There are 2 protein chains.
Amino acid sequence: MPVKNPSLKSAASSTVEDYLERILELINSKGYARVVDIASALKISQASVTNMIQRLDTEGLLNYEKYRGLVLTTAGEKLARSIAHRHQLLTDFLKLFGIDDDVIYHDVEGMEHHISPPTLRAIEALTAQLRRRPALLAKLKLAGT
Amino acid sequence: MPVKNPSLKSAASSTVEDYLERILELINSKGYARVVDIASALKISQASVTNMIQRLDTEGLLNYEKYRGLVLTTAGEKLARSIAHRHQLLTDFLKLFGIDDDVIYHDVEGMEHHISPPTLRAIEALTAQLRRRPALLAKLKLAGT
DNA sequence: TAAATAAGTTAGTTTTAACTAACTTTTGCA
DNA sequence: TGCAAAAGTTAGTTAAAACTAACTTATTTA
Ligand SMILES: [Mn+2]
Ligand SMILES: [Mn+2]
Ligand SMILES: [Mn+2]
Ligand SMILES: [Mn+2]
């Protein structure tokens, strides 16, 4: 079921979003993103990664030099950052409830691609409010046992 | 990106979940689910629906008699109900924030397939608590302008 | 610095879930 | 009752995104 995702300006597919997210993460943590590391982070083959990188280059989200390496373009970095930010907000929200980190990661990794800006803003504001209400959160955690 | 969804006993794909959800909805509203109505609800071709119905029959989620009609099996109905319930809980949650109905529907339709039971329980409990705190909700709605 | 290993690429294949076109069955109505 | 329209089915095609196998380029190390 190809559900269109209008949540970000340049409507990228879930797949593209996950690649960009991983690439930015690798650049932030080690300074560069190699094919082999992207592949291992996404648990897919290097061949698939090469293929996608070439596509992202074509789409202007990164510049790629064969066999050498890649850098995100301004557009690519901006998009990657918004994807990472959305992931973080959703994670922060779910962390309020004492859900297992693995479960949170799994759920966020799937749902993030389907959250529109209005919904994300609501969740962000809600998270901020809930953080100021430990009593309410305590009640919720009890309910979850 | 084939993200496995362990959120329901018999791990059905997002696609299967959407079909079952539509089928149950049609049965609830008009008493039966025809190929042509499932197709129009999901905005896909009748041929695709026929194909999926045959698959769901094979998988034991419904009984299908060619050219005649279908009924959900006990397993199929149980699964469909849990899918519908999850959809409802997520909708109830997002309705708290004054998000447009269209946006809510779109987001829920996508994210529902990636919400694990613990996350769903947390959201359910949170919704119940927030309903008792109109002041907090009012504050959130202001933030969203 | 040459051989071995690691990394990256290409070509072709697979899977899933759509699609269209042509056909069959059922239903509704003159 | 029979025929046209609606509904449903089949067969073959397409597209996205994965895969494997074989190949090329780069890096490491003896
Ligand atoms: Mn993510
Ligand atoms: Mn993701
Ligand atoms: Mn739904
Ligand atoms: Mn859905």
Side-chain angles (χ1 to χ4, degrees), chain A residues 1-5 10-23 26-27 29-59 61-72 83 109-110 112-114, chain B residues 1-5 10-23 26-27 29-59 61-72 83 109-110 112-114:
Chain A
M1 198 113 314
V3 178
K4 263 288 175 302
N5 181 348
S10 84
S13 69
S14 297
T15 302
V16 164
E17 291 187 354
D18 280 337
Y19 274 95
L20 286 174
E21 189 178 16
R22 262 350 104 219
I23 288 169
L26 285 166
I27 289 174
S29 67
K30 38 172 38 183
Y32 49 86
R34 292 179 311 169
V35 168
V36 71
D37 293 327
I38 300 167
S40 113
L42 291 174
K43 288 176 188 143
I44 60 184
S45 71
Q46 291 181 209
S48 299
V49 173
T50 294
N51 197 64
M52 174 60 84
I53 282 176
Q54 289 167 347
R55 169 178 159 192
L56 296 177
D57 179 298
T58 297
E59 292 177 6
L61 294 169
L62 52 80
N63 291 319
Y64 181 50
E65 229 186 316
K66 218 159 106 172
Y67 290 110
R68 304 314 323 227
L70 63 87
V71 280
L72 291 172
I83 290 163
E109 208 45 57
E112 61 185 352
H113 313 289
H114 308 277
Chain B
M1 198 116 309
V3 179
K4 263 290 175 300
N5 180 348
S10 83
S13 68
S14 297
T15 302
V16 164
E17 290 187 356
D18 280 338
Y19 273 95
L20 287 174
E21 189 177 16
R22 265 347 104 222
I23 288 168
L26 285 166
I27 289 174
S29 67
K30 38 173 37 183
Y32 50 86
R34 290 179 311 168
V35 168
V36 71
D37 294 326
I38 299 167
S40 114
L42 291 174
K43 290 180 186 136
I44 59 184
S45 71
Q46 290 180 209
S48 300
V49 172
T50 294
N51 197 64
M52 175 60 84
I53 283 175
Q54 288 167 350
R55 168 178 158 192
L56 295 177
D57 180 297
T58 297
E59 292 176 5
L61 294 169
L62 53 79
N63 291 319
Y64 181 48
E65 228 185 318
K66 216 158 109 172
Y67 291 110
R68 305 315 322 227
L70 63 87
V71 281
L72 291 172
I83 290 163
E109 208 44 58
E112 60 186 351
H113 312 289
H114 308 277

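Residue numbers begin at 1 in each chain, while the letters A, B, ... track the order of the sequences. Note that this is a predicted model, so its numbers are computed, not measured.
- Put simply, the side chain of B/Leu72 does not reach to within 4.5 Å of the side chain of B/Leu56, judged on heavy atoms.
- In this structure, B/Met52 atom CE and D/dG8 atom P are separated by 17 Å, rounded to whole Å.
- Not one side-chain nitrogen or oxygen of B/Ser45 sits closer than 4.0 Å to the OP1 or OP2 atom of C/dA18.
- Across the protein-nucleic acid pair, B/Glu59 atom CD and C/dA17 atom C1' stand 13 Å apart, rounded to whole Å.
- Rounded to whole angstrom, the span from the CD atom of A/Glu65 across to the C1' atom of D/dA26 amounts to 14 Å.
- The distance between atom CG of B/Asn51 and atom P of D/dT10, rounded to the nearest whole Å, is 9 Å.
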Write down the protein N/O and nucleotide N/O pairs, taken from nucleotides 2-8 of chain C, whose separation is under 3.5 Å; answer none if there are no such pairs.
| from | atom 1 | to | atom 2 | distance (Å) |
| --- | --- | --- | --- | --- |
| C/dG8 | OP2 | A/Val35 | N | 3.4 |
| C/dG8 | OP2 | A/Val36 | N | 2.7 |
| C/dG8 | O3' | A/Tyr64 | OH | 3.2 |
| C/dG8 | N7 | A/Gln46 | NE2 | 3.2 |

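- Out of C/dT20, D/dA17, D/dA18, the shortest distance to the side chain of A/Arg55 is found at D/dA17.
- Taking only side-chain nitrogens and oxygens, A/Tyr19 never comes nearer than 4.0 Å to OP1 or OP2 of D/dA16.
- B/Asp57 has its CG atom 15 Å from the C1' atom of D/dG8, to the nearest Å.
- Residues B/Asp37 and B/Arg22 have side chains not in contact (no heavy-atom distance under 4.5 Å, counting atoms from C-beta outward).
- An OP1 or OP2 oxygen of C/dT10 is reached within less than 4.0 angstrom by a side-chain nitrogen or oxygen of A/Gln54.
- Contact between A/Asp18 and A/Leu42 at its shortest, heavy atoms only, is O-CD2, 4.0 Å.
- When rounded to the nearest whole Å, the span between OH of B/Tyr32 and P of C/dT26 equals 17 Å.
- You'll find that the side chain of A/Thr15 is closest to D/dA17, out of D/dA17, D/dC19, C/dC19.
- B/Ser48 places no side-chain N or O within donor-acceptor distance of the main-chain N or O of B/Ile44, the cut-off being under 3.5 Å.
- Under 4.0 angstrom from either OP1 or OP2 of D/dC19 there lies at least one side-chain N or O belonging to A/Ser48.
- Taking atom CD1 of residue B/Ile38 and atom C1' of nucleotide C/dA18, one finds them 16 Å apart after rounding to whole Å.
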B/Glu21 and B/Glu112: side-chain contact (heavy atoms from CB on, under 4.5 Å), yes or no, with the steps?
CA-CA 11 Å; B/Glu21 189 177 16; B/Glu112 60 186 351; 3.1 Å; yes
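- Nucleotide D/dA16 holds its P atom 17 Å from the CD atom of A/Glu17, rounded to whole Å.
- For the pair B/Leu62 and B/Val71, the minimum side-chain heavy-atom distance is 4.5 Å or more.
- The side chain of A/Ser13 places an N or O atom within less than 4.0 Å of a non-bridging phosphate oxygen (OP1 or OP2) of D/dA17.
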Would you please test A/Leu70 and A/Tyr32 for side-chain contact (heavy atoms from CB on, under 4.5 Å) and show each step?
CA-CA 8 Å; A/Leu70 63 87; A/Tyr32 49 86; over 6 Å; no
